[in-house]
Amino acid sequence: MNSARRHARTECGRQIGAGFLMTGRKAVTCAHVIADGGAAPLTVTFPHEADAVAVPARVVSHGGWGGRPTDPGDLAVLALDEDAPVDPAAFAPADAAFGEPPREPVAYGFPRGCRPRPWATCRPACGRFRAAHVCS
């Protein structure tokens with residue numbers, strides 16, 4: 001993705017997380033954001049839209065993450081109750097990560113104590129990605 005417009009802010013109870021829009025009514029977020037939500041309302045907002053409104057959502061797929069180090073898939077797919085106000089993300093081909101010039105993927109989120117913005121970058125080194133935390 002090369003636009004912050006598709007970045008989603010997911011709220012469930014007291015948890016806030018980041019995600020992105022996959023289709024007009026499906027978003028992906030981290031499973032740990034929704035793990036302790038119980039009956040709490042689940043909403044998705046696109047904070048880079050001028051009139052950002054929280055859209056109600058529900059979990060339609062869970063990656064199996066339960067908080068233990070060996071748990072799989074800290075991902076959850078959410079179905080939005082209405083169409084998102086932005087177009088879905090367009091994904092790059094899998095081999096694009098090692099193109100020329102070298103790519104620098106960024107992680108975007110809502111970590112405590114940081115403004116919502118890119119807060120980590122990754123750079124390929126010897127065929128692997130290494131992360132550098134940049135939130136301050």
Side-chain angles (χ1 to χ4, degrees):
M1 290 186 312
N2 59 6
S3 171
R5 291 189 64 227
R6 293 164 189 90
H7 293 167
R9 176 184 173 104
T10 307
E11 295 186 54
C12 185
R14 294 176 41 182
Q15 296 296 318
I16 299 173
F20 62 90
L21 187 65
M22 289 184 359
T23 70
R25 286 196 175 200
K26 294 254 182 353
V28 172
T29 191
C30 295
H32 70 264
V33 174
I34 52 119
D36 297 326
L42 172 59
T43 60
V44 178
T45 307
F46 298 90
H48 296 286
E49 287 299 292
D51 298 322
V53 176
V55 177
R58 66 187 178 348
V59 178
V60 294
S61 184
H62 191 287
W65 187 85
R68 295 173 299 278
T70 57
D71 286 347
D74 187 12
L75 292 174
V77 178
L78 311 177
L80 282 61
D81 287 357
E82 57 192 62
D83 289 334
V86 298
D87 293 329
F91 295 94
D95 62 352
F98 297 99
E100 288 297 328
R103 309 302 192 258
E104 289 190 1
V106 294
Y108 181 92
F110 300 91
R112 282 193 181 106
C114 294
R115 297 188 315 271
R117 62 185 168 111
W119 59 277
T121 59
C122 301
R123 292 186 180 90
C126 302
R128 295 182 173 202
F129 282 105
R130 299 195 182 269
H133 188 268
V134 295
C135 175
S136 57

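Just so you know, residue 1 is the first one in the sequence shown, and it goes up from there.
- Counting heavy atoms from C-beta outward, Val77 and Val59 have side chains that stay 4.5 Å or more apart.
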| Between Thr10 and Thr43, is a side-chain contact (heavy atoms from CB on, under 4.5 Å) present by the stated rule, with each step listed? | CA-CA 6 Å; Thr10 307; Thr43 60; over 6 Å; no

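- A pairwise comparison of heavy atoms in Thr45 and Ala54 identifies OG1-CA, 3.5 Å as the closest pair.
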| request: Check the pair His48, Val86 against side-chain contact (heavy atoms from CB on, under 4.5 Å), reporting the backbone distance first and the verdict last. | output: CA-CA 10 Å; His48 296 286; Val86 298; over 6 Å; no

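- A pairwise comparison of heavy atoms in Val33 and Gly17 identifies CG2-CA, 3.6 Å as the closest pair.
- The line from SG of Cys30 to CG of Asp74 is 5.0 Å long, rounded to the nearest 0.5 Å.
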| Run the side-chain contact (heavy atoms from CB on, under 4.5 Å) check on Arg58 and Val60 step by step: do they pass? | CA-CA 6 Å; Arg58 66 187 178 348; Val60 294; 3.6 Å; yes

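- Considering all non-hydrogen atoms of both residues, Ala8 and Phe46 come closest at CB-CE2, 3.8 Å.
- Looking only at distances, no side-chain donor or acceptor of Ser61 sits under 3.5 Å from a matching main-chain atom of Ala76.
- For the residue pair Val55 and Asp81, the shortest heavy atom distance occurs at CG1-N, 4.1 Å.
- Of the inter-residue distances, the one linking His62 atom NE2 with Leu78 atom CG reads 10.0 Å to the nearest 0.5 angstrom.
- Residue Glu11 holds its CD atom at 10.5 Å from OG1 of Thr29, rounded to the nearest 0.5 Å.
- Looking at heavy atoms from C-beta onward, Asp51 lies out of side-chain contact with Glu49 at the 4.5 angstrom threshold.
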| Is there a side-chain contact (heavy atoms from CB on, under 4.5 Å) between Ile16 and Arg9 once you walk through the steps? | CA-CA 7 Å; Ile16 299 173; Arg9 176 184 173 104; 3.1 Å; yes

